[in-house]
There are 2 protein chains.
Amino acid sequence: MKISSRFTIGVHILSLLSIEKDSHCTSEWIAGSVNINPVTIRRVLGQLKRAGLVKVRSGTGGAYLLKEPADINLLDIYRAVEVVEEGQLFHFHEEPNPECPVGANIQIVLQLILSRAQDAMEQILKNITLKDLVTELNQQINVRAN
Amino acid sequence: MKISSRFTIGVHILSLLSIEKDSHCTSEWIAGSVNINPVTIRRVLGQLKRAGLVKVRSGTGGAYLLKEPADINLLDIYRAVEVVEEGQLFHFHEEPNPECPVGANIQIVLQLILSRAQDAMEQILKNITLKDLVTELNQQINVRAN
DNA sequence: TCTGTTGTAACTATAATGTTTACAACGAGG
DNA sequence: CCTCGTTGTAAACATTATAGTTACAACAGA
């Protein structure tokens, strides 16, 4: 099972807000770039808002970043959209048989090991800021423009 | 979305086969330890078989390892049960708007970055063998037995 | 007040997962 | 050679997460 596209959608939204910071970024407008429906955008935007990453103007509409791109990393976004509960990337089968030595102990041992794997991934996300991403994105945009 | 419990089930099964190598390990018996129904066990066992990790006796029943525990790592199991297609841990929203500079380029840039995150996780899995796991498991079993 | 936008709810469709029941095929042992 | 337990697989079902669609009250600026 993949990690929900809410994460990449969230990253897309924030990249847009960073690059198009002078535009009037309504959910409808963002939906046009992401190419999904505006309600999903609003849902994700709501999560980004609750995480303190963006501000959404009610009434007049439009969203903008509350932090510098250099101060937002991909793990912040990952957490914000709650695609995976903290420490729960791997789904464990519930209640292995406590009568069986393996069943009784495998969860503890495996949880420890898999946490390390998960942490390794999250550290990579943590080390990449929105600014890094936007810089690479702008380079790519220029490459393709020429 | 979490990574399917097929993975932890697969690990559980192989740990059992490794520790209880002299038992007659039928799907029914394994199901008792994992505490899920035997059909799911057989499905996972089938995937492990296709990956060349185990052999299942038909007719008389019972499964056993085809490799030494030291020669099976967690990434092998992860791949075997196909919880995640290779390189596809993160779900991308399909077809962002190619008219938009961000939409047209974000996939390429983000794919590169997220591959690194995914690789980091998989490297951890790759570096842990079934033997390592079973060793830790046996220690844990002894700790709890005393 | 009018207008465009947000936030949210309800309903729907789709997909993946896992359970249960069922049964043909298989192979060992009597 | 026949019975018995087991495997492999299919079908039907329940559950859950995701995402699209429609709808509408609340909001704020012109």
Side-chain angles (χ1 to χ4, degrees), chain A residues 1-10 12-13 17 23-32 34-51 53-64 66 78 80-85 88-96, chain B residues 1-10 12-13 17 23-32 34-51 53-64 78 80-85 88-97:
Chain A
M1 216 48 173
K2 297 174 182 182
I3 291 173
S4 161
S5 63
R6 275 207 307 281
F7 175 52
T8 55
I9 292 170
H12 191 145
I13 292 174
L17 297 188
S23 304
H24 183 213
C25 302
T26 67
S27 62
E28 197 83 35
W29 183 84
I30 296 171
V34 181
N35 193 28
I36 61 173
N37 75 82
V39 174
T40 301
I41 297 291
R42 282 182 226 150
R43 284 204 269 243
V44 175
L45 218 36
Q47 294 182 290
L48 297 173
K49 189 173 66 174
R50 260 167 256 136
L53 301 179
V54 303
K55 173 84 180 167
V56 183
R57 271 176 291 252
S58 64
T60 165
Y64 55 94
L66 276 183
Y78 181 86
V81 297
E82 295 170 358
V83 281
V84 172
E85 294 162 73
Q88 304 290 308
L89 176 59
F90 294 92
H91 184 192
F92 278 81
H93 48 294
E94 322 285 311
E95 305 167 7
Chain B
M1 214 51 173
K2 297 176 183 182
I3 291 174
S4 161
S5 62
R6 275 207 308 281
F7 175 51
T8 54
I9 292 171
H12 190 143
I13 292 174
L17 298 188
S23 304
H24 183 214
C25 302
T26 66
S27 62
E28 196 83 35
W29 182 82
I30 296 172
V34 181
N35 193 27
I36 61 173
N37 74 82
V39 174
T40 302
I41 297 292
R42 283 182 225 150
R43 283 205 272 248
V44 175
L45 218 36
Q47 294 181 292
L48 297 174
K49 188 173 63 174
R50 261 167 257 138
L53 301 179
V54 304
K55 172 84 178 167
V56 182
R57 273 177 289 252
S58 63
T60 166
Y64 55 94
Y78 180 86
V81 298
E82 295 171 359
V83 281
V84 173
E85 295 161 74
Q88 305 290 308
L89 176 59
F90 294 92
H91 185 192
F92 277 80
H93 48 293
E94 322 286 312
E95 305 168 7
N97 186 349

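Letters A, B, ... mirror the listed sequences (proteins, then strands); counts begin at 1. Values in this document were obtained by computation on a predicted structure and should not be read as measured data.
If you check D:dT7, C:dG7, D:dT9 against the side chain of A:K49, the one that comes closest is C:dG7. Ranking D:dA19, C:dG18, C:dG7 by closeness to the B:S5 side chain, first place goes to C:dG18. Among the nucleotides C:dT5, C:dG18, D:dT21, the one closest to the side chain of A:T26 is C:dT5. Distances were taken from every side-chain heavy atom of B:T40 (C-beta onward) to each of D:dA19, D:dG20, C:dG18; the shortest belongs to C:dG18. Set against C:dA28, C:dA9, D:dT7, the side chain of B:T60 has C:dA28 as its closest nucleotide. In this structure, of C:dT6, C:dA9, C:dG18, it is C:dG18 that holds the atom nearest to the side chain of B:S4. Set against D:dA23, C:dT21, C:dT6, the side chain of A:V56 has C:dT6 as its closest nucleotide.
Put simply, the side chain of A:Y64 reaches to within 4.5 Å of the side chain of A:R57, judged on heavy atoms. Residues A:R42 and A:V56 have side chains not in contact (no heavy-atom distance under 4.5 Å, counting atoms from C-beta outward).
In terms of position on DNA chain C, the residue among A:H24 and B:N37 whose nearest nucleotide sits closer to the 5' end is A:H24. Remark on DNA chain D: of its neighbouring residues B:G46 and A:N35, the 5'-side contact belongs to B:G46, judged by nearest-heavy-atom nucleotide.
Aromatic ring pairs are classed by plane angle as parallel below 30°, tilted from 30° to 60° and perpendicular above 60°; the pair A:H93 and B:H12 is tilted.
At whole-Å resolution of the value, CD in B:E28 and P in D:dT7 are 8 Å apart. We find that CD1 of B:I3 is positioned 15 Å from C1' of C:dT17, with the value rounded to whole Å. Atom P of nucleotide D:dG20 and atom CD of B:E95 are separated by 11 Å, given to the nearest angstrom. Note: NZ (B:K2) to P (D:dA17) measures 9 Å, nearest angstrom. Nucleotide D:dC27 holds its C1' atom 12 Å from the NZ atom of A:K55, rounded to whole Å. The CZ-P distance, from A:R42 to C:dT5, rounds to 10 Å in whole Å. The CZ atom of A:R43 sits 10 Å away from the P atom of C:dA9 (whole-angstrom rounding). Distance NE2 (B:H91) to P (D:dA19): 6 Å, rounded to an integer number of Å.
Across all strands, A:G59 comes closer than 4.0 Å to base atoms (heavy-atom distances). Residue B:R57 is classed as a sugar-phosphate contact, given heavy-atom separations below 4.0 Å to backbone atoms only. Contacts of B:I36 with the nucleic acid, taken as non-hydrogen atoms under 4.0 Å apart, involve only primed sugar atoms and P, OP1 or OP2.
Atom NZ of residue B:K2 and atom CZ of residue A:F92 lie 10.0 Å apart, to the nearest 0.5 angstrom. For the atom pair CG of B:L45 and CD1 of B:I9, the computed distance is 11.5 Å after rounding to the nearest 0.5 Å.
When each of A:I41, A:T40, A:V34 is checked for a side chain to side chain contact (heavy atoms under 4.5 Å, CB included) with A:N37, only A:T40 meets the rule.
Contact check, A:S58 against D:dA26: no side-chain N or O comes under 4.0 Å of OP1 or OP2. Proximity of A:R6 to the phosphate of D:dT18: a side-chain N or O atom is located under 4.0 Å from OP1 or OP2.
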